[in-house]
Participant: 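Provided herewith is a single structure, encoded as structure tokens, for subsequent inquiry.
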Amino acid sequence: MSFEHACLLYGEGRLEPARTLLGQMDDAGGADAAALTLLGTLHRTAGAHQLAIQTLERAVRLRPDMNHALVELAQAHLANGNEIPAIEVLREVNRRVPGHSSNAQLAGLLHVAASALMNDGHLEGARTLLEEAAGINAAVSGILCDLAVAYERLGQFAEAHNTIKVAAELYPDDHITLINLSSIESTMGNQDKAEAVARHIVEIIDPHSPGGWINLGVALRLQGRFDESRHAFEEALRHQPNSAVPYTNLAAIAGLHGDFDRSTALHQQACTLSAGSQAGMMTFLHACDALRSGDWELGWELYESRSRYPRNTIVWHGIEPLPRWPGGDPRGLRILLECEQGQGDSLHFFRYARQLADQGATIGLLAPPSLIRLFRISDPRLQVEEQGLRADPACWDYGLPLLSLPHRFGIRPDAIQALPPYLAPAAEDMDAWASRLAGLRGLKVGLVWAGDHRAHDPVASNTDRRRSIALAALAPLGGLSGVDYVNLQLGPPRQQLAEAPFPIHDWMDEVRDFADTAALIRHLDVVVTVDTSVAHLAGGLDVPVLMLSRFDNCWRWLHRREDTPWYPRMRLFHQQEWGQWETPIHALYTALGKLADAHARGGKHASR
């Protein structure tokens, strides 16, 4: 009775006699670590998984440095349905011997565990496991692809882009990898690359790929090629009739062209077919189209789901411990509001915080630092504090996100309820700017030509590219006489002033926050701007605004209206074609010229 004889039996494929012999050796106390390792392996192949684990653990105790025993122990755990201890054992092997032959199995197990976490919405845990798996063996199919998806869902867009490109280099013909490459290229704003990859999928890899057709449709839609985009989404539905994504994209196209009956029907179909986080996305997009159509009863109700839209990344930390105010009579209640999304959104809906105070509520407002002073000046009744603080439930009865107030108040296009002016600068700031602008005798026109690029967020950056223009595009305005232009632009686009096509006064180095900008704007006759926070600042001050609006305008401006119920002294100039600014700029030139003529004739208030 010897280990060598057992090995001979094992080599001949006589597994059960080998197991019996090794078992007898173990009973007699003659089994060393090697014998126990083989015995444990044979227990596993015989289906005695728990006995295999016990035997292999004894082998490891005898020889802790015996990596083969650890690998076999991991296989026994897996056979017993215990992935977690198997992963821990294989981690130890690969810690000892980087590049061990078991690394592909470990990476695969980590991948499976990460996939389960992703399906349950635990993205950070999934990312951690996928990063570990990629560090062990990035060549295992699907790891880099899923890691890129996890990065994208977590808002780590640069990491997602870099990772999916490496995955595509490793697997240039893998259908799923290319689907994700196309999607991430689109997210990064590279619509031409997204289109090229998607076309390769549907023309070369798999003409029946719903994902390929969807990605092609999205890339075309974001280039304004709507007929081609419709065809791509219809092809996607032909191959996968129960997919929600083509319906919501077709709805978006219909909504952009004012066909809201069709848009509504398509959105409803998309919502019916979706579930989980996808349902949140579909509901949010339906809300935006309902608001754009003027159906604010439905729109505000659906907009309450906005935090479920994965790309919104809305987190209301400050009011999290508080119950939500359901609406009704707020008299005597203590309600804490929290700003959300962009600064323009906060400026736009600040009016309703004041309305709550008018109705007898004690109001707190958590706001970004740049808005705090303006809000405190505009309504000293409000307790305005910096966002990031967490509410003490003992101090407040309710909490509410600021953009939920229109739903609570039942705001409709013909019943805005709180009209400008609802923002106000400080008197001392007004006085400080008065001397600066005293020498300007023409029509005083503030200028903003670009929004906040937000390079860290390519989704927002893509929207900003569509709404922003180059200062040079406003060159025709330089042909108007009797106009003094005043810069209101901040950020990198301000550098374009170095090559301004006409003289522009620039004092923005002296601006600390929105309260300073508000005081400057109050001295102007009109503000010319793209769709950015300054439009809401000027509108809230009740200063006339001429706003350039992109083709796929924000829902708040309704559909192709030249006026807006939000700001009675605002006029909108919309793109008539995707990406084409010449027509709205020409209309803007005409309107501004009329204001300049009226000002020159002494009718200064024609612009007011």
Side-chain angles (χ1 to χ4, degrees), residues 280 283-284 287 291 296-297 299-309 312-412 415-424 426 513-515 518 533 536-537 540 556 566:
T283 303
F284 175 77
L291 291 167
W296 287 8
E297 180 177 3
W300 293 128
E301 180 182 351
L302 295 177
Y303 199 67
E304 289 296 284
S305 71
R306 60 194 177 279
S307 63
R308 294 171 52 210
Y309 180 35
N312 266 353
T313 61
I314 298 174
V315 181
W316 299 295
H317 290 300
I319 60 173
E320 188 176 4
L322 300 172
R324 295 292 183 260
W325 179 55
D329 185 359
R331 187 180 296 107
L333 295 177
R334 302 169 302 168
I335 303 174
L336 181 63
L337 305 171
E338 185 164 4
C339 293
E340 60 178 275
Q341 302 181 56
Q343 295 176 120
D345 296 285
S346 298
L347 290 163
H348 184 180
F349 294 102
F350 175 73
R351 64 183 82 196
Y352 296 116
R354 298 193 61 178
Q355 182 169 321
L356 271 179
D358 291 342
Q359 295 177 357
T362 297
I363 299 301
L365 178 63
L366 301 176
S370 59
L371 292 172
I372 289 176
R373 194 164 69 92
L374 174 63
F375 286 166
R376 286 175 175 170
I377 295 166
S378 298
D379 194 331
R381 297 173 299 173
L382 274 55
Q383 301 173 34
V384 183
E385 301 294 342
E386 185 174 343
Q387 274 181 304
L389 299 175
R390 196 175 181 86
D392 180 354
C395 297
W396 302 98
D397 301 310
Y398 293 103
L400 197 71
L402 188 62
L403 269 67
S404 287
L405 285 174
H407 178 52
R408 301 301 192 273
F409 282 133
I411 301 303
R412 303 290 182 265
I416 296 298
Q417 299 183 24
L419 291 171
Y422 56 83
L423 297 173
D513 56 17
F514 275 92
S533 58
H536 297 285
L537 176 60
R556 74 193 75 217
W566 298 112

Participant: At their closest point, which heavy atom of A361 faces which heavy atom of I335, and how far apart are they?
Facilitator: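 Shortest heavy-atom separation between A361 and I335 comes out as CB-CD1, 4.4 Å.
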
Participant: In Å, rounded to the nearest 0.5 Å, how long is the span from CD of E301 to CG of L291?
Facilitator: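 It comes to 11.5 Å.
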
Participant: Hey, does L423 have a side-chain heavy atom less than 4.5 Å from the side chain of F514?
Facilitator: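 Side chain of F514 against side chain of L423, heavy atoms only: no contact under 4.5 Å found.
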
Participant: Are a donor atom and an acceptor atom from the side chains of S378 and R351 found within less than 3.5 Å of each other?
Facilitator: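 No.
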
Participant: Is there a side-chain contact between R306 and P401, using heavy atoms and a 4.5 Å cut-off?
Facilitator: yes

Participant: Of the non-hydrogen atoms in W396 and A391, which two are nearest, and what is the gap between them?
Facilitator: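 For W396 versus A391, the nearest heavy atoms are CD1-CB, 4.3 Å.
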
Participant: Taking R354 for the side chain and Y422 for the main chain, is one N or O donor matched with an acceptor at less than 3.5 Å?
Facilitator: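 At least one qualifying donor-acceptor pair exists.
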
Participant: Counting distance only, does the side-chain N/O of T283 pair as donor-acceptor with the main-chain N or O of G280 below 3.5 Å?
Facilitator: no

Participant: How many angstroms lie between atom CG of L333 and atom CD of Q359, to the nearest 0.5 angstrom?
Facilitator: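 The CD atom of Q359 is 11.0 Å from CG of L333, to the nearest 0.5 Å.
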
Participant: Looking only at heavy atoms, which two atoms of A353 and L382 are closest? And how far apart?
Facilitator: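 Looks like CB-CD2, 3.8 Å.
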
Participant: What about Y303 and W296, are their ring centers closer than 6.0 Å?
Facilitator: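 Between Y303 and W296, the centre distance exceeds or equals 6.0 Å.
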
Participant: What are the two closest non-hydrogen atoms of W300 and I411, and how far apart are they?
Facilitator: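 Looking at all heavy atoms of both residues, the shortest contact is NE1-O, 3.0 Å.
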
Participant: Can you tell me if D397 uses its side chain to pair, donor with acceptor, with the backbone of R334 under 3.5 Å?
Facilitator: yes

Participant: Strictly distance-based, threshold 3.5 Å: is any side-chain N or O of E338 a donor or acceptor partner for the main-chain N or O of G318?
Facilitator: yes

Participant: Looking at R556, Q341, Q343, which hits side-chain hydrogen bond (donor to acceptor under 3.5 Å, both in side chains) with H348?
Facilitator: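 Only match with H348 under side-chain hydrogen bond (donor to acceptor under 3.5 Å, both in side chains): R556.
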
Participant: Side chain to side chain contact (heavy atoms under 4.5 Å, CB included) between W566 and I416: does it pass, once the steps are laid out?
Facilitator: CA-CA 7 Å; W566 298 112; I416 296 298; 3.9 Å; yes

Participant: Can you check side chain to side chain contact (heavy atoms under 4.5 Å, CB included) on Q383 and L336, steps first, answer last?
Facilitator: CA-CA 9 Å; Q383 301 173 34; L336 181 63; over 6 Å; no

Participant: Any chance you could lay out the side chain to side chain contact (heavy atoms under 4.5 Å, CB included) test for C339 and F375, step after step, and finish with the verdict?
Facilitator: CA-CA 12 Å; C339 293; F375 286 166; 4.3 Å; yes

Participant: What's the spacing between R331 CZ and L356 CG if we round to 0.5 Å?
Facilitator: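 Going from CZ on R331 over to CG on L356, the span is 12.0 Å.
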
Participant: Find the distance between CG (L400) and CH2 (W325) and round it off to the nearest 0.5 Å.
Facilitator: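 Between L400 CG and W325 CH2, I get 7.5 Å after rounding to 0.5 Å.
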
Participant: Any chance CD of Q417 has more than 12 other-residue heavy atoms, nucleotides or ligands included, within less than 6.0 Å?
Facilitator: yes

Participant: Within this structure, what is the CZ-OG1 distance for the pair R381 and T362, rounded to the nearest 0.5 Å?
Facilitator: 10.5 Å

Participant: Does the side chain of D345 reach to within under 4.5 Å of the side chain of L402, using non-hydrogen atoms?
Facilitator: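 With C-beta onward as the side chain, the pair stays apart.
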
Participant: Please find the pair of heavy atoms, one from G327 and one from R408, that lie closest to each other, and give the distance.
Facilitator: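 Smallest interatomic distance, heavy atoms only, reads N-CD, 3.9 Å.
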
Participant: Whether the side chain of R373 engages the backbone of L371 through a donor-acceptor N/O pair (distance < 3.5 Å, no angle test) should be reported.
Facilitator: no

Participant: Could you measure the distance from the CD1 atom of I372 to the CD1 atom of I377? Nearest 0.5 Å is fine.
Facilitator: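 Going from the CD1 atom of I372 to the CD1 atom of I377 covers 12.0 Å.
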
Participant: L374 and A518: which non-hydrogen atoms are nearest, and at how many Å?
Facilitator: CD1-CB, 3.9 Å

Participant: Given 3.5 Å as the limit, does a donor-acceptor pair link the side chain of Y398 with the main chain of L337, or not?
Facilitator: no

